[in-house]
Asker: 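Handing you this structure, nothing more for now.
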There are 2 protein chains.
Amino acid sequence: MADTLSIVSWNINSIRFRIGIVEQFLRETQPDILCLQETKVIDGDFPTAPFKALGYRHIVLHGQRMHHGVAILSRVPIEEDDRLDWQANREARHVGVRLPNGWRLENVYVPAGGDVPDREVNPKFGQKLDFVERMTRWSESLDCPTVLTGDFNIAPLESDVWSHKQLLNTVSHTPVEVEALNALQASNSWVDLGRRFHPAPARLHTWWSYRSPDWTVNDRGRRLDHMWATADVAASATRHEVFEHCRNWLKPSDHIPILTEFAL
Amino acid sequence: MADTLSIVSWNINSIRFRIGIVEQFLRETQPDILCLQETKVIDGDFPTAPFKALGYRHIVLHGQRMHHGVAILSRVPIEEDDRLDWQANREARHVGVRLPNGWRLENVYVPAGGDVPDREVNPKFGQKLDFVERMTRWSESLDCPTVLTGDFNIAPLESDVWSHKQLLNTVSHTPVEVEALNALQASNSWVDLGRRFHPAPARLHTWWSYRSPDWTVNDRGRRLDHMWATADVAASATRHEVFEHCRNWLKPSDHIPILTEFAL
DNA sequence: GCGCCATCGG
DNA sequence: CCGATGGCGC
C-alpha cells in the first residue's frame, strides 16, 4: 500500500453494457478501489477479466439477475466481510470488505423509492425508508474505522439538487427521506466527505436523469451518491472529486463517479 | 435512363437498424433500383432522407409495424402500380411499380413458413404454400415485360443449399415447396436470372443463418433470394451478381444483396 | 431516456 | 443469433 488510498463509488447501470467506459475511467483516474452499484449481473457473468488486466485483481461481488447488484474491485488486497440483506428480501444492495489497514469499506445501493413520495400509495417509497432505517440500526453498532459509500438515492441538502423548491415533493429530496438520511448519518457520526471538501451551498451533483435529451440543459442534477466516513477515517481524507465529464461520454451512466483520497 | 438498368434485391432485416450499411452498399455499387424486404417499419417512419441524399428520389413503400414490409427505391422514375395482398391478411409482402420503359417490377417477400415442414402441425408452413399458390394464379395473368424479385424463402435446386440431403426436410428446401415454386416459375415461364448467369451446379447462396456464430464455418448457405424475369426482359440481362462480402459487414443482414443488370 | 428480460418471428 | 416489442424499474 502506498501512502495514499483512493476510493471511487459509481452507479454504473449495467457493468456489462458499460465495461468500456469503466476501463477508460480506470486508466484515466487509477483509483485504488472502485465500488460499483447497479451492476445488474449475476456473479458468474461479471466481466472480471478487464479489471484484472488493469491491475484490479481483488474482486468482491454481490450481484443478482436483472436489478441492483454491487461490487468492489481493488488493486490493494481486500477481504470480503459481509453481504448484508437488511430487508431479508434477497436484493443485492450491500457488500462490505476489510482493507489492509483494518478499515472497513461498505458499499450500498439504497432503493430508489418509486415515483410517488407516499408510503401508503407507493410501497416502494416505504421500502426505501425502511431500508434506511434498518441501515441506521446496523450503523449504530459499527465500532471500527469505516468508509460508507454508494448510491444513497437521497440528496439531503438544498444545494444537492438543482431546485430545492421544485423537488421538495420529488422522491430523493423529500423531507421524510432527508430526515431518515440524517438519522443514519447521526447514528455513527458519519462525516459527509463530499460536503467536507465542497461545503454547501456549493453546487455538487452526481446524477442527471436520462429523460432529458441534453443533461446540461438547465443542469438539473442531484447529489445521490455519497462517500461517508467515521471521524477517524475522515481525518485522513485529503480530497474529494466528482467526475462530471463522464456524464458526457458515449452511452454514459446517469450517475458519475465520485472519489475520495485518504492519506495513510 | 442510361443504356443499362441495374436492379438489386435485398432482405435487409430492419431498414432502420441497417440504414448505414445500405448507404455503404449504394455508394459502392450504385444500382439504379433497390428492392428491399423485411423493412420492419411503417411508411411514416421509413428513413427516406439518406436515400434521397444518394439520388434515390423515387420511393415506393409498403410497410407495416414490426414485421415484413417491402420498398422500392430508385434513381430512375418509377410509378406505383399495386400493393397486393394475395392472402387478404394485411401482411405487407408485395409492392409493384412501373419502370420508364414500361416494364413492371414486382418485389415480393414470401412467408418464411415456420420450422416444421408440415401443413397440419404448422399453419405457417401451410400459409407459405398457399401464398406461393396465390402468387401463381396472379402470375399466370401477367402479360407485360416483368421483373419479379425478392426473398422467396425457397431454395429450389440442389446446389442452392449447402447440403441437399441434410436439408430435404428443412423448410425452404422441401420437395413440396420446390414443387410450388416450380409451378410459380412455369406459370409465366419466368427465367431464373441467378441460374442463367451462374448455372447449376455452381454454388450460389444469398442467405446464411445468424444462428451460427461464424457464417463462413462450413458455409451453410442457401439461395433464398431470386431475380426472375419474363423471357423478353431476360433476353436483355447482361449480368447477375451476389454480394457475399456484405455478409461480413458489421451488424449484417442474414441475407446479401443480389443484382441483375439489363441492357436497354 | 435507457438496460434488462420475455416473447415472438426469422 | 438477431430485431422488434412490451413491461419493469430507475
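The structure presented is a predicted model; accordingly, all values stated were derived computationally and were not measured.
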Asker: If the condition is side chain to side chain contact (heavy atoms under 4.5 Å, CB included), which residues does B:E179 pass it with, not counting sequence neighbours?
Answerer: none
Asker: Roughly how many Å is it from CH2 in A:W215 to C1' in D:dC10, rounded to a whole number?
Answerer: 19 Å
Asker: Name the atoms and distances for all side-chain donor-acceptor pairs under 3.5 Å in residues 245-252 of chain B, with sequence neighbours left out.
Answerer:
from, atom 1, to, atom 2, distance (Å)
B:H245, NE2, B:E28, OE1, 2.9
B:R247, NE, B:W208, O, 3.2
B:R247, NH2, B:W208, O, 2.8
B:R247, NH2, B:S209, O, 3.2
B:N248, OD1, B:W215, NE1, 2.7

Asker: Let me know the distance between CZ of B:R16 and C1' of D:dA4, rounded to the nearest Å.
Answerer: 8 Å
Asker: By nearest heavy atom, map A:S209 and A:S14 onto DNA chain C; which one lands nearer the 5' end?
Answerer: A:S209
Asker: What are the atom names and distances for every N/O pair under 3.5 Å that joins the protein to nucleotides 7-9 of chain D?
Answerer:
from, atom 1, to, atom 2, distance (Å)
D:dG9, OP2, A:K124, NZ, 3.4

Asker: Please enumerate all residues that pass side chain to side chain contact (heavy atoms under 4.5 Å, CB included) together with B:R27, with sequence neighbours excluded.
Answerer: B:E23, B:L54
Asker: Ignoring backbone atoms, test whether A:R211 places a side-chain nitrogen or oxygen under 4.0 Å from the OP1 or OP2 oxygen of D:dC10.
Answerer: no
Asker: Mind checking whether B:H205 and B:W162 have ring centres under 6.0 Å apart?
Answerer: no
Asker: OP1 or OP2 of D:dG3 less than 4.0 angstrom from a side-chain nitrogen or oxygen of B:R18, does that happen here?
Answerer: yes
Asker: Can you measure B:I12 atom CD1 to C:dG10 atom P for me and round it to whole angstrom units?
Answerer: 18 Å
Asker: Give the rounded distance in Å between these two atoms: CD1 of B:I42 and P of D:dA4.
Answerer: 14 Å
Asker: Could you state the atom-to-atom distance from CG of A:N11 to C1' of C:dC2 in whole Å?
Answerer: 12 Å
Asker: Ignoring the backbone of A:Y210, work out which of C:dC2, C:dG3, D:dC10 is nearest its side chain.
Answerer: C:dC2
Asker: List in chain and number order the residues that pass ring-ring contact (aromatic ring centres under 6.0 Å, His included) with B:H173, two or more places apart in sequence or in another chain; answer none if no residue qualifies.
Answerer: B:H164
Asker: Roughly, in whole Å, what's the span from CZ in B:F152 to C1' in C:dG10?
Answerer: 18 Å
Asker: Closer to the 5' end of DNA chain C via nearest nucleotide, is it A:S212 or A:I15?
Answerer: A:S212
Asker: Would you mind reading off the distance between B:L36 atom CG and D:dG3 atom P, rounded to a whole angstrom?
Answerer: 16 Å
Asker: Provide the full list of salt bridge (charged side-chain N to carboxylate O under 4.0 Å, His left out) pairs with a residue in residues 208-221 of chain A, sequence neighbours left out, each pair given once.
Answerer: A:R203-A:D219
Asker: Can you confirm whether or not the ring centre of B:W10 sits under 6.0 Å from the ring centre of B:F25?
Answerer: yes
Asker: Which nucleotide in the set D:dC10, C:dC5, C:dG10 lies at the smallest distance from any side-chain heavy atom of B:E38?
Answerer: C:dG10
Asker: Is any side-chain nitrogen or oxygen of A:R65 closer than 4.0 Å to OP1 or OP2 of C:dA6?
Answerer: yes
Asker: Rounding to a whole Å, what distance do you find between B:Q64:CD and D:dT5:C1'?
Answerer: 14 Å
